[in-house]
Structures are given as C-alpha cells and as structure tokens.
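Written out below as structure tokens is the structure these notes cover.
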Amino acid sequence: DPEESLTRGMVNLLPYYGTLHWDPVIDVIWGSPADAAARVVAYGAGSLETFVFVPSALDVDQLDRLREVVDLAEELLRDEN
C-alpha cells in the first residue's frame, strides 16, 4: 500500500529533515508501475539527467516495486531513442 509506505517513510524522514515539502502526486510512486515509469520519463524530458531514489520505508516490497519502475522507465527511454 503506497499510502501506508508514505506514512512510514515520513515518520523516518521528518525527525532528520524537520519539515519537508512533500507532494504525493509528484514524490511518491503512485498508480501502476507503468504509470510511475511514465512520470519518471517525463521528469527526464525536463532535462534531468540523474535520478536519485531515496526509499524511506523499510519495506522490501517497496524496493521491489521501485526496481520494477526503474526497469520500465529504462525500457521506455530505450524505445524513445
């Protein structure tokens, strides 16, 4: 559940960073992995060259989900070139 992972992640991040601007529409991998991969590729269209993903919830399933999103984004980028 992405919302549950977001809540746990914020509990981990807030003590370190204090307050954060956090927009779940932008900063969280919502929707299907394909939807999330499309958003990652759209960021790249804005001339970003490097992405740094910082998992903040200690949930192996979320890391698996991130790996799937990254793989799909790489595939989309290959298809565009």
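Hydrogens, waters and symmetry mates play no part in the numbers below; they use all other heavy atoms, side chains included. Just so you know, these numbers come straight off a predicted model, no measurement behind them.
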Practice task
Check step by step if salt bridge (charged side-chain N to carboxylate O under 4.0 Å, His left out) holds for Arg67 and Asp71.
Solution key: CA-CA 6 Å; Arg67 174 78 269 169; Asp71 288 346; 2.9 Å; yes
Fill in the blank from the handout: So CD of Glu68 and OG of Ser32: to nearest 0.5 Å the spacing works out to 8.5 Å
Completion exercise
Heavy-atom closest pair (Ala37 atom, Leu72 atom, distance to 0.1 Å) is CB-CB, 3.6 Å
